[in-house]
Amino acid sequence: MDDKIAFVFSNNLLNYKFRQGHPFDQKRIELTIDLLKEIGALSSSQMILPRMATDEELLLVHDPTYIEAVKKAGKGKLSIEQAENFGLGTEDTPIFPNMHEASAIVVGGTLTAVDFVMEQQGKHALHLGGGLHHGFRGKASGFCIYNDCSVAIQYIRKKYDAKVLYIDTDAHHGDGVQWTFYDDPNVCTVSIHETGRYLFPGTGNIYERGHGQGYGYSYNIPLDAFTEDDSFLFAYRKTVSEIARFFQPDVILTQNGADAHYYDPLTHLATTIRIYREVPKLAHELAHQYSEGRWIALGGGGYDIWRVVPRAWALLWLEMTGQVEKATGTLPKRWLEKWGNRSPVSLPETWDDPENLYPPIPRKSEIEEKNRITVEKALQILKG
Amino acid sequence: MLVEEMMVTDVITLKKEDSIKNAVDLMKEKKIRHLPIVDRTKTLIGIVTDRDIRSAVPSIFCIDKQKEFLNKPLETIMTTDVITAHPLDFVEEVAATFYKHRIGSLPVVKKEKLVGIITQTDVLKTFVELTGTNQPGTQIEIRVPNKPGTLADILQQIRHFHTNVLSVLIYPDKMKAQSKIIVLRLGTINPNPIINALKEHQYEILWPNLSGYHNG
Ligand SMILES: [Zn+2]
């Protein structure tokens, strides 16, 4: 049984807010916390406050000119022309007041989770505000300003000299993290995502395997659009178990984006809540099997903030803390009443999705076959 | 894009008096397959490829002959009638040359002097950049009537959103002869507002298409 597990949160994390109506909406963390409290699965003694990442920590990954630009933008002092060079002021990452501070605390929250686990205050830590895997060295991308995953991994390398296994199950390719550690054999990145044929960011094909010393330490499973639970879970379980056995990580960092669900408006996979029960279960097992339990879990994408993310992320915490049995049957009435009339869509009433959530997918067996071949090809180099 | 923007300028070369063995060793060491041969004034006088060497080398069963062969000067096997490119050639012309002559690399010559080399890989990289797939983006495909003004109208719709168009490709529609398919690569993770605007203007979006496979 795991003794102490941390839930990193403060209201300051909600300042990472682009504008009204923007798809990236941290209200989903509030909804998740409220759901967990309603079922008595999260106590204030488990919650720890995120700290602010220092400039020096951000510089582990980001360019000084970029950090300066983000600071200036947040003070309204960056011209549109300058902003464009840094991917700021776009529809995806609009400029908002104090955006540097709001982003630095997201990174700080992930570092807080890292220190909690690496200094053995407890075995696991969760930071739902983190997981901004698209951020680049010198450029904002895909709703991400600073890349807390990359900074945290580099921080673990420098401060604790541990081998890090990064597992990314967001529906989008974890490009920012992959490219940051592309030639580093001490960081193994695994991303399972919808194929980049049409979906952002477009990368993440099986042949992106790392470079130089890092060759064989970068893995990608691009799943076909309309992939369903069984095929998703087959790909996830096989890939992640084999890679963990090969890599023998000292610590596992998971990016738990919740945008692979059928309801997600930005992606085209067709999974249900079931995968959000199963994905953390295996990560949990592997952390105990290979890494003495060291597991840091982060949030990420997830754009159906009413029907999908609260249940998915609650299940993540319940798995970490060994309380999954609390997620059966119907959702708490008070939670449904409280949020039901604020939600633009009607909320699901049960923890699990119904059998007939969506109409049958055409060419289901072809999709499954294709995914199976993709997994085989991606893992081929493990055999050699 | 011009050859001078894509070519490698730091070219590895040999002289015609150098031995074939020099060439073999250098190719192995630098992992290259083409060696331009120049004189003292950097004028291009020939080229030697790994294929030239392989086809000229005597059978491995006669070791003496092989040794003798490797000590010969490069001028005995080099191609003197070299196909070259000019720094101001366009990427499309160079691609066509590679295709037509089935060769893998072109020395770039200006006023008879060797100034660079360009390989198929350099050209391929340029084409990848032209399609925009080297930058994070979303791809959408639109079926449009084959008539003037359509592309302008589509881009006009996109103008309202602060979204960068990374590339535009237009190709004939295999299903419908009267239409074309426009492929746009957009610098955004969220193409929905743009897709909705295009749909409102009666454009047929082939992908992304949530209702199922457009061609199945
Ligand atoms: Zn995502």
Side-chain angles (χ1 to χ4, degrees), chain A residues 18 21-24 80 83-84 87-95 133-136 139-144 170-173 175-176 179 194-205 224-226 259 262-270 301 303 358-364 366-367, chain B residues 31 121 124-125 127-143 155-169 171 181-199 203-216:
Chain A
F18 293 106
H22 191 283
F24 190 94
I80 297 171
E84 270 169 5
L88 301 170
T90 59
E91 202 84 339
D92 285 2
T93 38
I95 290 168
H133 61 167
H134 295 306
F136 280 81
K139 204 166 185 179
S141 180
F143 308 154
C144 306
D170 191 285
H172 299 93
H173 176 223
D175 55 345
W179 301 128
E194 178 183 333
T195 166
R197 178 76 182 83
Y198 296 92
L199 193 74
F200 184 91
T203 44
N205 73 58
D224 237 33
F226 305 106
D259 50 4
Y262 177 75
Y263 281 150
D264 195 274
L266 294 195
T267 66
H268 320 96
L269 296 175
Y303 307 100
Y358 52 83
I361 301 293
R363 307 177 73 170
K364 178 188 171 104
E366 280 169 76
I367 295 171
Chain B
K31 293 189 176 122
T121 314
L124 200 60
K125 193 171 148 243
F127 275 109
V128 168
E129 279 167 17
L130 290 177
T131 64
T133 40
N134 61 325
Q135 296 171 71
T138 298
Q139 191 159 307
I140 66 174
E141 291 187 3
I142 312 155
R143 174 176 281 146
L155 295 178
Q156 188 62 29
Q157 306 306 325
I158 295 174
R159 232 187 121 218
H160 303 301
F161 305 90
H162 284 98
T163 299
N164 211 358
V165 177
L166 304 176
S167 83
V168 181
L169 297 173
Y171 61 85
I181 301 206
I182 296 183
V183 181
L184 296 177
R185 209 166 159 77
L186 305 170
T188 177
I189 188 173
N190 180 19
N192 292 350
I194 289 173
I195 288 173
N196 292 339
L198 291 172
K199 279 183 180 162
Y203 283 106
E204 185 186 354
I205 309 291
L206 296 180
W207 190 270
N209 182 354
L210 272 180
S211 62
Y213 285 85
H214 61 269
N215 56 358

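Labels below follow one simple rule: chain letters A, B, ... track the order of the sequence lines, proteins then strands, and each chain is numbered from 1. All heavy atoms count here, side chains included; hydrogens, waters and symmetry mates do not.
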>> Would the distance check show the side chain of B:Asn192 and the main-chain N or O of A:Pro265 forming a donor-acceptor pair, the cut-off being under 3.5 Å?
In response: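 Yes, the answer is positive, given that a donor and an acceptor are paired below the 3.5 Å cut-off.
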> So, for A:Asp92 and B:Thr188, which heavy atoms are closest and what is the spacing to 0.1 Å?
Replying inline: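 Minimum heavy-atom contact is OD1-OG1, 2.5 Å.
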> Is there a side-chain contact between B:Asn190 and A:Phe24, using heavy atoms and a 4.5 Å cut-off?
Replying inline: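 The answer is no; the side chains never approach within 4.5 Å.
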> Can you find a heavy atom in the side chain of A:Tyr198 that is under 4.5 Å from one in the side chain of B:Pro191?
Replying inline: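 Result no, sub-4.5 Å side-chain heavy-atom pair not found.
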> Which one, A:Pro359, A:Ala270, A:Pro201, leads in non-hydrogen pairs under 4.5 Å with chain B?
Replying inline: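 Maximum pair count with chain B is reached by A:Pro201.
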> With A:Glu91, which of B:Ile194, B:Asn164, B:Thr163 fulfils side chain to side chain contact (heavy atoms under 4.5 Å, CB included)?
Replying inline: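 Running side chain to side chain contact (heavy atoms under 4.5 Å, CB included) over B:Ile194, B:Asn164, B:Thr163 with A:Glu91 returns exactly one hit, B:Thr163.
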> Checking heavy atoms, do the side chain of A:His172, its backbone, both or neither come under 4.5 Å from chain B?
Replying inline: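 Side chain only.
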>> Using heavy-atom distances under 4.5 Å, tell me whether A:Ser141 contacts chain B through its side chain, its backbone, both, or neither.
In response: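 The side chain, not the backbone.
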>> Take a 6.0 Å sphere around NE2 of B:His162 and say whether it holds more than 12 heavy atoms from other residues, nucleotides or ligands.
In response: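 No - once you tally the heavy atoms of other residues, nucleotides and ligands closer than 6.0 Å, there are 12 at most.
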